Amino acid sequence: MDIDWPLFWDSLGPLALAAVAGTIPLALASFALGMVLAVAAALARLSRNRLLAGIARLYISVIRGTPLLVQLFVVFYGLPSLGLTIDPWPSAIIALSLNVGGYAAEVVRAAILSVDKGQWEAAYMAGMSRRTALTRVILPQAARVAVPPLSNTFISLVKDTSLTSLILVSEMFRKAQEIAAFTQEFMLLYVEAGLVYWVVCLALSAGQNALERRLDRHVAVAR
């Protein structure tokens, strides 16, 4: 197969720009909102309130038991039948955030449970309320445990944003589709998009490793 190198280099800039202006902001916004949902769901799962715990379990089960593509289609194509029409970008953020929240909730819950119960007791002896102990003592320690799996979740999310091209979101894979449709060089553009995703994920993996090493040093000093 002959490679159209001029097209490859000409399209690299638009794809990289779409990654910086579309894919990464979409992933960051969705991850941030998803983590809010994850912490809330994790705390609800640990709550003594059976209703809250049951709602959290149902939410997590539904998200983990259905494909992300279905969730995207329900939000973008399904809600209009109920009279609620949402633009592509907000639809993508809502669906991706719900998905991240469902998966990350169990990571956060496990991280909280991994903190020694003696930490709770020490916080109570220091006069802290349960909420204060959770925010000042437990969650910071749980965050160190949760960083590796949550970093992997974010890297997976960056790749999953490609699915939002199916609901007309202008991110990198959508740009690759547009250029491929115009030039009819589908293989070249899709492979090139894959390479850009790969480079972005390599950079994120390097950042993850650096963060983990920094946290390890912090823990070692604290000990």
Side-chain angles (χ1 to χ4, degrees), residues 3-4 6-38 40-41 59-105 150-205:
I3 299 178
D4 189 342
L7 175 61
F8 179 91
W9 294 114
D10 288 344
S11 58
L12 185 59
L15 291 181
L17 180 61
V20 172
T23 297
I24 295 177
L26 177 60
L28 287 172
S30 301
F31 187 77
L33 292 176
M35 285 308 303
V36 174
L37 292 174
Y59 161 61
I60 294 169
S61 178
V62 169
I63 292 300
R64 293 167 69 94
T66 57
L68 174 56
L69 185 59
V70 172
Q71 296 162 19
L72 284 165
F73 274 40
V74 166
V75 174
F76 186 68
Y77 293 112
L79 290 183
S81 65
L82 301 178
L84 182 60
T85 301
I86 306 177
D87 291 335
W89 263 83
S91 294
I93 291 175
I94 290 171
L96 292 174
S97 299
L98 288 171
N99 187 268
V100 169
Y103 278 93
L150 291 179
S151 298
N152 291 331
T153 298
F154 180 68
I155 293 173
S156 295
L157 175 63
V158 170
K159 294 179 289 184
D160 288 342
T161 58
S162 61
L163 292 174
T164 64
S165 63
L166 297 175
I167 62 170
L168 311 178
V169 173
S170 298
E171 45 73 63
M172 186 183 67
F173 192 68
R174 180 72 178 177
K175 176 61 67 174
Q177 289 178 315
E178 293 172 353
I179 299 174
F182 181 76
T183 62
Q184 297 298 299
E185 292 284 354
F186 295 99
M187 175 64 79
L188 175 64
L189 268 300
Y190 292 160
V191 169
E192 185 174 11
L195 290 174
V196 176
Y197 279 115
W198 182 38
V199 170
V200 170
C201 289
L202 284 176
L204 292 174
S205 296

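Keep in mind that what you see is a predicted model, and the values were worked out from it rather than measured.
For the pair A92 and L72, the tightest heavy-atom approach, listed with the atom from each and the gap, is CA-CD2, 4.1 Å. Considering every non-hydrogen atom in both W89 and G22, the closest pair reads CH2-O, 3.4 Å. Counting all heavy atoms, side chain and backbone alike, T161 lies closest to V158 at OG1-O, 2.5 Å. Residues P14 and K175 share a closest heavy-atom pair of O-CG, 4.1 Å. Contact detail for A95 and V75: the closest heavy-atom pair is CB-CG2, 4.1 Å. Between A19 and P25, the closest heavy-atom pair is O-CD, 4.0 Å.
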*Could you go through the side-chain contact (heavy atoms from CB on, under 4.5 Å) check for Q177 and S165 one step at a time?*
CA-CA 9 Å; Q177 289 178 315; S165 63; 3.5 Å; yes

Step-by-step side-chain contact (heavy atoms from CB on, under 4.5 Å) determination, L7 to L189 = CA-CA 9 Å; L7 175 61; L189 268 300; 3.9 Å; yes

Worksheet item: Under the side-chain contact (heavy atoms from CB on, under 4.5 Å) criterion, do L28 and F154 qualify, and how do the steps go?
Response: CA-CA 8 Å; L28 287 172; F154 180 68; 3.6 Å; yes

Q) Are Y103 and I63 close enough, and set up right, to give a side-chain contact (heavy atoms from CB on, under 4.5 Å), and what steps lead you there? A) CA-CA 7 Å; Y103 278 93; I63 292 300; 4.2 Å; yes

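Between the side chain of T23 and the backbone N or O of M172, at least one donor-acceptor pair lies under 3.5 Å. A donor-acceptor distance shorter than 3.5 angstrom exists from the side chain of S11 to the backbone of F8, with no hydrogens or angles considered. Without hydrogens or angle criteria, Y59 side chain to G102 main chain gives a donor-acceptor distance under 3.5 Å. A distance-only check finds a donor-acceptor pair linking the side chain of Q71 to the backbone of T66 [under 3.5 Å].
In this structure, CE in M35 is found 13.5 Å from OG in S30, a value given to the nearest 0.5 Å. Between the OH atom in Y190 and the CD1 atom in I179 there is a gap of 11.0 Å [rounded to 0.5 Å]. Between the CG atom in L33 and the CD1 atom in I94 there is a gap of 9.5 Å [rounded to 0.5 Å]. Here the CD1-CG distance, from I93 to L98, works out to 12.0 Å after rounding to the nearest 0.5 Å. For the atom pair S156 OG and F31 CZ, the distance stands at 10.5 Å (nearest 0.5 Å). With rounding to the nearest 0.5 Å, the separation of CG in L202 from CG in L195 is 10.5 Å.
Ring-plane geometry between F173 and Y197 is classed as tilted, the angle between the planes lying from 30 to 60 degrees on a 0 to 90 degree scale. Relative orientation of the Y77 and F73 rings is perpendicular, given thresholds of 30° and 60° on the angle between their planes.
Residues I155 and V200 have side chains not in contact (no heavy-atom distance under 4.5 Å, counting atoms from C-beta outward).
Electrostatic pairing of R174 and E171 does not count as a salt bridge here, judged by no charged N lying under 4.0 Å from a carboxylate O.
No option in N99, T164, V100, L157 other than N99 meets the side chain to side chain contact (heavy atoms under 4.5 Å, CB included) test with L68.
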